[in-house]
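Report on the structure given below.
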Amino acid sequence: MDHEQVFAGLDSVRWAELEHAYGEADDLPGMLRALAGDDEQAAEALDELWSSILHQGTVYAATVQAVPFLAQLAAAGTRTVDLLVLLGGAAESDDAYGLPGPGACRAAVAAQLPLILPLFASPDARVRQAAVWAAGSTGAASALPQLRRRWDEEPEPGVRAELLAALVRLGHPDAVDAARTAIAPGEPAELRVVAAMACLDAGLPWTPAHRDTLVSLLPADRHVAGRFDQARTEPLHHVVDTLLRRDTDQDRSSAYELIQAALAAGDPEARKEALWAAEHACTISRSAPGRLAPSLLSLLKAGEHTASLLPILDKLGVHAQPAAPALAALAAAGGDLADRALAVLVRVAPQEAAPLLARDLPDRSRALAAACGFPGNRRERDMPYAPELLNAIRIRLTDDELAGNEPVWLTGLLADWGVQAAAALPELTAVMDRFPAAVPRALAAVCPPDSRDATAAVLRRAAATGPPEGRYAAADALWNLTGETGPLVHELRRRLEQSAGPEACRTAGALGEEGACLVPQLRSALTPAGRKRTVPELDADIQTALALWRLTGEATEAVDVLGGVLAEASDGTWTRWSLREAALAAAHVGPAAQALTPALEGLLDDPSHAPAAISALQAISGGPDPVRTAEILLTSVERNADADTALDALGALGPEALTPTVSARLKALAERDLRVVTSGVEPEMVPADERLRERARKLLGA
């Protein structure tokens with residue numbers, strides 16, 4: 001098959017009407033033709049195709065149309081292995097956007113099996129392996145006879161491993177016996193590793209024989225380095241994940257025994273794989289920290305794999321407390337490892353961490369971030385008040401080298417400590433002009449009653465004549481300290497006349513009668529009608545609407561704005577937060593937002609939007625049936641979709657909503673082993689899951 005024949009129908013496809021990851025797919029014909037060019041052109045085109053039609057595992061309408069051309073090129077000998085791998089990835093993808101129908105991409109690849117299956121006979125083992133991978137990924141039973149026939153004929157271990165995985169995936173009746181046989185010690189290592197995973201994927205019980213086989217092959221990653229299945233490139237991690245997600249006591253015990261055996265392996269690289277599997281176990285399983293802590297702490301005590309152990313200790317919770325002495329010893333040294341150890345100690349034993357952090361504060365950026373909260377994701381603070389740390393912060397505030405995030409972290413920690421940190425008033429005052437946006441809140445928070453007048457004078461002066469970027473922060477802090485609104489109203493008017501932001505609009509609405517003079521500026525700050533809004537504009541309009549309602553007492557204007565936001569944001573991927581905020585704003589408006597009921601009810605089927613919508617509906621009219629509402633909210637919690645709002649709304653329903661079915665689901669959230677929170681900022685996930693678990697228990701108790 002020559003290239004002219006391959007591309008005969010290329011220009012008849014209406015590519016401009018199709019989409020890939022970057023929009024209109026009218027550039028795909030050029031990419032496909034470039035595959036037949038010189039090596040440099042082909043390599044560049046291949047990269048562009050992966051990025052466009054299989055972007056991070058997602059397939060598109062354009063992917064479906066590209067499949068026949070890719071298969072014909074592969075069959076014609078053009079970059080055959082690369083294109084077969086691309087076809088297999090497209091076939092196995094479950095993440096689709098804009099396809100003409102469910103499974104359309106997989107079906108498109110399956111339709112090319114007449115071109116793919118003959119490649120099983122290629123003299124090139126990599127071509128055979130890639131062809132098996134592509135055929136197995138289609139899920140098509142029609143490929144089974146040739147896969148089984150090739151299993152009997154194939155001499156190469158890597159290809160045999162791919163064949164075994166495909167036979168298991170497609171459910172061939174001989175596959176399970178073949179997998180059992182292939183774990184035998186006499187078989188090649190790359191086949192035995194895949195056979196162990198195949199036994200698990202086939203649903204077989206995980207036995208000591210499977211465990212011993214896998215442990216004997218560690219480090220196992222090297223044995224699958226030539227495979228194309230990206231989901232199974234880390235065998236130990238994959239097996240542990242699969243066992244834990246089976247969610248039975250026996251499988252959990254098997255997973256922990258496997259990890260413990262791997263941690264005891266003599267090969268340091270094997271233990272590295274075991275540590276990665278242990279960290280994953282602690283991330284997804286609530287019982288893992290307690291079961292694995294003794295083995296992990298033994299490694300720490302022995303001084304082995306310290307760098308790899310530190311992120312796992314962060315996930316052990318209370319089970320990491322025995323590690324405090326070893327962490328303190330590590331933290332007492334210098335360098336990056338000491339800083340990382342101190343960051344963990346901050347979360348494990350903050351009182352023991354405080355003097356070490358105070359001693360070397362300028363060189364402890366990672367530990368300081370842990371103590372003060374990560375920017376944009378501040379949780380309950382890890383670092384309680386400590387006099388020695390306060391003294392170190394006072395010294396550091398006046399250091400000429402202080403810059404970056406550190407002023408924000410230090411002033412934030414002082415603000416959290418409140419009047420306990422009053423001794424830092426002179427230093428905070430001295431650096432007001434250096435860090436005008438960060439200092440005011442801390443200055444007001446730490447101020448004791450007998451220093452109120454002097455501090456108010458400092459803030460008043462900063463709001464009037466200080467650096468422009470800090471005047472709003474100073475005026476806001478002055479209002480919080482004294483209730484004085486004049487400087488804040490002046491700054492809000494200036495901000496609203498320039499470009500309104502959600503924070504300024506929110507503050508304006510909180511001023512009550514004193515903010516009524518800002519109503520004209522608030523109205524002017526609304527995005528002009530008829531213009532498609534950006535996410536920041538949507539968020540600002542939400543807060544503006546809420547401020548107008550609070551300041552005027554009239555709901556019509558606010559409800560119109562919120563209705564517009566709900567309509568505009570409902571069909572956008574990046575507007576999820578705006579929908580949530582608009583619904584919560586409607587909850588504040590209450591019964592006067594009755595006109596928004598249909599739009600809010602339209603959000604109930606989406607677990608991400610339902611909690612805020614239910615909060616609004618409850619405030620407007622009492623909400624839907626309590627039992628149905630509870631079930632919707634529990635779905636949101638189970639999927640970790642705005643779980644905090646969902647639990648708040650669930651608590652507001654009262655005990656009559658806790659039917660036996662609802663109570664059973666709530667109990668499962670509290671007592672199940674698999675964690676609910678498994679995504680987010682890395683150090684936050686396990687603590688967030690534990691907080692969710694505790695809230696579920698309290699609701700059950702109430």
Is it true that atom CD of Glu401 has more than 12 heavy atoms of other residues, nucleotides or ligands lying nearer than 6.0 Å? no
Report the C-alpha separation of Asp644 and Arg695 in whole Å, then their side-chain angles, then the decisive distance to 0.1 Å, and conclude whether the salt bridge (Lys or Arg N to Asp or Glu O under 4.0 Å) test is met. CA-CA 9 Å; Asp644 285 335; Arg695 290 195 66 187; 3.5 Å; yes
Taking Thr575 for the side chain and Ser578 for the main chain, is one N or O donor matched with an acceptor at less than 3.5 Å? no
What class does the angle between the rings of His280 and Trp276 fall in, given that below 30° is parallel, 30 to 60° is tilted and above 60° is perpendicular? tilted
Could you tell me whether the side chain of Thr411 and the main chain of Val408 form a donor-acceptor pair under 3.5 Å? yes
Under 3.5 Å, is there a donor-acceptor pair between the side chain of Arg286 and the main chain of Asp673? no
Please find the pair of heavy atoms, one from Leu633 and one from Pro611, that lie closest to each other, and give the distance. CD2-CA, 3.8 Å
Distance from Leu692 atom CG to Asn640 atom CG, nearest 0.5 Å? 7.0 Å
Using a 3.5 Å distance criterion without hydrogens, assess whether the side chain of Asp539 forms a donor-acceptor pair with backbone atoms of Pro502. no
So, does Thr398 use its side chain to make a donor-acceptor pair with the main chain of Ile395 at under 3.5 Å? yes
How about Asp450: does its CG atom have over 12 heavy atoms from other parts shown lying under 6.0 Å from it? yes
Heavy-atom nearest pair, Ala320 first then Val348, reads O-CG1, 3.5 Å
Check Met383 against Pro350 and note the closest heavy-atom contact, atom names and distance. SD-O, 3.7 Å
Nearest heavy atoms of Leu478 and Ala456, plus distance in Å: CD1-O, 3.7 Å
Side chains of Arg665 and Thr635: do they bring a donor and an acceptor to under 3.5 Å? yes
Can a donor-acceptor pair be found, under 3.5 Å and without considering hydrogens, that links the side chain of Glu406 to the backbone of Leu368? no
Please test Thr645 against Asp648 for side chain to side chain donor-acceptor pair (under 3.5 Å), starting from the C-alpha separation and ending with a verdict. CA-CA 5 Å; Thr645 303; Asp648 288 340; 5.4 Å; no
Verify, without hydrogens or angle tests, whether Arg271 (side chain) and Ala265 (backbone) share a donor-acceptor contact under 3.5 angstrom. yes
Do the side chains of Glu690 and Arg675 get close enough for a salt bridge, i.e. N-O under 4.0 angstrom? yes
Asp339 side chain vs Arg366 backbone, donor-acceptor pair below 3.5 Å: yes
With distance as the sole test, does Tyr256 use its side chain to make a donor-acceptor pair with the main-chain N or O of Ala288 at under 3.5 Å? yes
Could you tell me which residues satisfy salt bridge (charged side-chain N to carboxylate O under 4.0 Å, His left out) with Asp201, sequence neighbours excluded, listed by chain and number? Arg232
Do Pro205 and Gln250 touch side chain to side chain, with heavy atoms closer than 4.5 Å? no
Crowded around Arg639 CZ? As in, over 12 foreign heavy atoms under 6.0 Å? no
Do Thr207 and His210 have side-chain N/O donor and acceptor atoms under 3.5 Å apart? yes
Spell out, as yes or no, whether a donor-acceptor pair under 3.5 Å connects the side chain of Glu273 to the backbone of Ala220. yes
Closest approach of Ala444 and Leu459, non-hydrogen atoms and distance? CB-CD1, 4.4 Å
How far apart are the C-alpha atoms of Glu269 and Lys272, what are their side-chain angles, what is the distance that settles it, and do they pass the salt bridge (Lys or Arg N to Asp or Glu O under 4.0 Å) test? CA-CA 5 Å; Glu269 292 301 313; Lys272 281 186 180 179; 3.6 Å; yes
